[in-house]
Amino acid sequence: MSISTSVLSDLLKSLPYLRPQLYFKASLTALSHAMEDQVLAATLAQPLVIASFQRERFYRQEAHRYQRLALRSNQIYVLSAPETDFTNSSEHYEKVAFEPDDGLSQEWHLVVIADNYATCLVCRENLGSIAKNKEVPELNPNLDIDTARRFEGVWTSERGVSLKAAELLLDRVLVYRPELASKIQQARQRFGIGEPRNNSGVEQVNEYACDIDTDPFVQRLVTYLQASQYKLHKAYRSIAVQARKERLVNSISTAIRRSLDPHEVLQVAAQELGQHLEACRCLIYRAQATDNQAIIEHEFLTPGVLSVSGQTWELEKNSLFRHIVEQAEGVCVSDTLSDPRVTNSPGLSMIAKKFAIRSWLMEPVFYQGRLLGIVELHYCQMPPHECQPGELDLVEAIATQVGAALIQAEAYANLEELNQQLEALDRTRSNLIAITGHELRTPLSTIQVCLESLATEPDMPLELQQIMLNTALSDSERMRKLVQDFLTLSNLESGRVEWHPESLSLQECVDLALSRNRTRSSTEKPPQIKTQIAEDLPLIRADGDWLVEVLAKLMDNAFKFTPPQGEITIKAIYNSRKMVEVTVADTGRGIEPNRLEIVFDRFYQEEGALRRTTGGTGLGLAICRQIVNGWGGEIWAESTGKDQGSQFHFTIPIVQNTQEEKRTKVKSK
């Protein structure tokens, strides 16, 4: 094997269906940490981890993480080009020092393979990116050039791809560390690395699809970060073009935020794209690679142009569509009267003539390599329209937005059915993360718009700059709270919480919860709070910190939905079931009786938009239920309907014999 060969090139050659993507360094760092954290958080033992750093200095920044990973497995391999003291060794894990002129010195690899999941990151640095971006400091001398480093490659959770990447890297390890042959053979046999597979990489991936256990929350977050970096980079290169592109993308993003109806989103996208690119006709329709026909449902027209809405588009013999499927890229026909792809096809020639199409642009809508639909732009006037690079980039960006919107809309529409399948397969975490990604989209979009406005508008008034910063900070704090609540609920549901029950006075816990809620910032006067805690209550037995958390979240929920002139009451009694029953009652919005059970579901709120106006995450009551169930209590809600107020009750076990001792003391007096 030649040590100058590229692992990425070998991987793409072995699996030609893979499509390399563009990654920035910050995105690769986030992806790598997410993959490593997955190993650290997993309960299963002995995964295979192979990491390759370009230089020793990059490895030194992450050495402590790999020492932690080594505690989880003895199959850890770290490769790097030496600069000081990095040498072949087996102290904590297997170190592999490769030659500086090895092709690995220009690449970044991380492969993680376990019994129930597999992930790989294989990228090669685009050395021309730094030279091309020398103009960036002229626009902003404070820009960190390191953030503009770009890599081209593959990040995927497909097991077949990960196994092939592992095979290539283990072969490279053997070149430098042949004494590890026996140990590497154990990994090959355990995970089936290098075993013969069918010729279809897609089928092989599907075979393992049910085993993938990645973290979609991290995946979606990194996707947004990467898109934001790319757009910011484009803004420095061409501010005018970027501003035009962002106005269009933001208008479509607004439609996505406003509605999860895919028909509405596609119609808005067709209208906005057709207007901005001054096309005579813009079509967006659903189509998969195996479809023979497609029905045109979404259309933008300029006056006097014949409509094709409702028409059936033949795809089986459409050479332009077949090119998109085979090459996974868009098609631009400048002149349908001279382009052989049209003139040699009777069907396309007839369409071009019937609907007066002189110039024709088709862009595929992909999501994670899956064809979802097609965007078409028709120009009917003379002279023929020459497609410009900026226009092609814009259409591709909109197609990406449309793909994400379609997936989100489909996921949301099928959520109930998906929940049932996930419960049957004991995979409720995927459902939770999918909804989390939906909730993160709005603040992420707002932060993106604010930061891009600050970056692209140097003459913006200081007052407006402060408003943009405050908006971005506010939405980032909202995301932080959502992530914190999500992690708390995830730990509670997975049983990773250690309970520390102790004997407590309920009054002290109520006082602490009230103190916490008094610190909440609000421009409005809070409603009046009353407490009715019986003096003869027995001591309770619970984890004090979690009990205060339940009280604080129930009070916080009451604050959000009770007007300033309303009232919140906190009561506690010793009930007939020998438990202390706590009630947090309010005179606020109330709950419909048929929704009293589902208010404790994660992300539930009675009105979809209410969450944004009240600042909630939709996880508070779900967290309360998990905590109360953890100490063996019950929690439920009562209300007679909207605007009738609501009462949330939960029970806490008492310290054994406490109540009997109190009764004895009373009798003795």
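The residues of the chain are indexed from 1 along the displayed sequence.
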Could you go step by step and tell me if Phe648 and Val582 meet the side chain to side chain contact (heavy atoms under 4.5 Å, CB included) rule?
CA-CA 8 Å; Phe648 288 87; Val582 181; over 6 Å; no
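- Environment of CD in Gln67: crowded, with over 12 heavy atoms of neighbouring residues, nucleotides or ligands closer than 6.0 Å.
- Distance alone, capped at 3.5 Å, is enough to place a donor-acceptor pair between the Ser639 side chain and the Gly645 backbone.
- You'll find the side chain of Trp631 reaches within 4.5 Å of the side chain of Pro653, heavy atoms only.
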Would you sort out whether Glu581 and Tyr574 count as a side-chain hydrogen bond (donor to acceptor under 3.5 Å, both in side chains), showing the intermediate values?
CA-CA 6 Å; Glu581 180 180 323; Tyr574 181 68; over 6 Å; no
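- Phe650 has its side chain out of reach of Val580: every pair of non-hydrogen atoms, C-beta onward, lies at least 4.5 Å apart.
- Checked by atom type and distance alone, the side chain of Trp499 never pairs as donor or acceptor with a backbone atom of Trp546 at under 3.5 Å.
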Worked verdict on Val78 versus Glu94 for side chain to side chain contact (heavy atoms under 4.5 Å, CB included):
CA-CA 6 Å; Val78 178; Glu94 301 299 342; over 6 Å; no
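- Tyr66 and Phe53 have perpendicular rings, their planes meeting at more than 60° on a 0 to 90° scale where under 30° would count as parallel.
- Between Arg516 and Glu549 a salt bridge is recorded (basic side-chain N to carboxylate O distance below 4.0 Å).
- Contact of the Trp636 side chain with the Glu638 side chain is registered, since non-hydrogen atoms from C-beta on lie closer than 4.5 Å.
- Closest approach of Leu170 and Arg188 over heavy atoms only: CB-NH2, 3.8 Å.
- Side-chain N or O atoms of Thr531 include none that pairs as donor or acceptor with a backbone N or O of Ile570 at under 3.5 Å.
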Mind running ring-ring contact (aromatic ring centres under 6.0 Å, His included) on Tyr23 and Trp155 for me, showing each step along the way?
CA-CA 9 Å; Tyr23 298 90; Trp155 172 60; 7.3 Å; no
Apply side chain to side chain contact (heavy atoms under 4.5 Å, CB included) to Leu504 and Leu539, showing your working.
CA-CA 6 Å; Leu504 301 168; Leu539 293 177; over 6 Å; no
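- Leu48 places a side-chain heavy atom less than 4.5 Å from the side chain of Ile193.
- No side-chain donor-acceptor contact under 3.5 Å links Ser515 to the backbone of Asp511.
- Using a 4.0 Å cut-off between charged side-chain N and carboxylate O, Arg595 and Glu592 make no salt bridge.
- Taking 4.5 Å as the limit, every side-chain heavy atom of His109 sits out of range of all side-chain heavy atoms of Ile50.
- In this structure, the side chain of Thr488 engages the main chain of Gln484 through a donor-acceptor pair within 3.5 Å.
- Listed for the Ser73 side chain is a donor-acceptor partner under 3.5 Å among the backbone atoms of Pro47.
- Lys164 places no side-chain N or O within 3.5 Å of a backbone atom of Arg159 that could act as its donor or acceptor partner.
- Judged purely by distance below 3.5 Å, without hydrogens or angles, the side chains of His649 and Glu634 never pair a donor atom with an acceptor atom.
- The environment of CD in Glu597 is sparse: at most 12 heavy-atom neighbours from other residues, nucleotides or ligands sit within 6.0 Å.
- Nearest approach of Ala51 to Leu110, heavy atoms of both residues: CB-CD1, 3.8 Å.
- Taken to the nearest 0.5 Å, the CG atom of Leu28 stands 5.0 Å off from the SG atom of Cys123.
- At least one side-chain heavy atom of Leu621 sits under 4.5 Å from a side-chain heavy atom of Leu554.
- Annotation: Trp108 is in aromatic contact with Phe151 [ring centroid separation under 6.0 Å].
- Looking at every heavy atom in both residues, Pro527 comes nearest to Gly566 through CB-O, 3.5 Å.
- Counting all heavy atoms, side chain and backbone alike, Ile113 lies closest to Ser162 at CD1-O, 3.7 Å.
- Pro538 approaches Ile654 most closely through the heavy-atom pair CG-CG2, 3.6 Å.
- In terms of modelled atom types and a separation under 3.5 Å, the side chain of Arg190 and the main chain of Gln46 share a donor-acceptor contact.
- By the 4.5 Å heavy-atom criterion applied to side chains, Glu567 and Thr569 are counted as neighbours.
- For Tyr77, there are no ring pair (Phe, Tyr, Trp, His ring centres under 6.0 Å) partners, not counting sequence neighbours.
- The CG atom of Asn74 sits 5.0 Å away from atom NZ of Lys183, with the distance rounded to the nearest 0.5 Å.
- Atom CG of residue Leu469 and atom OG of residue Ser474 lie 12.5 Å apart, to the nearest 0.5 angstrom.
- Looking only at distances, a side-chain donor or acceptor of Asp543 sits under 3.5 Å from a matching main-chain atom of His500.
- Looking at every heavy atom in both residues, Ala165 comes nearest to Val111 through CB-CG2, 4.0 Å.
- Side-chain atoms of Arg625 come within 3.5 Å of backbone atoms of Phe600 as a donor-acceptor pair (strictly under, hydrogens ignored).
- Using a 4.5 Å heavy-atom threshold, the side chains of Met35 and Leu121 count as touching.
- Ion pairing of Lys560 with Asp556 is present here, as a side-chain N (NZ or NE/NH1/NH2) and a carboxylate O approach within less than 4.0 Å.
- Annotation: the span from Ser505 atom OG to Ile540 atom CD1 amounts to 7.5 Å, rounded to 0.5 Å.
- Side-chain contact annotation: Ser646 with Asp586, donor-acceptor N/O pair under 3.5 Å present.
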What's the verdict on side chain to side chain contact (heavy atoms under 4.5 Å, CB included) for Ser476 and Ile447, showing C-alpha distance, side-chain angles and the deciding distance?
CA-CA 7 Å; Ser476 66; Ile447 293 171; 4.0 Å; yes
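- To the nearest 0.5 angstrom, Tyr93 atom OH is 15.5 Å from Gln75 atom CD.
- Residues Lys553 and Asp485 are paired through a salt bridge, judged by an N-O separation under 4.0 Å between the basic side chain and the carboxylate.
- One distance of note links NZ of Lys571 with OG1 of Thr583; it measures 7.0 Å at 0.5 Å rounding.
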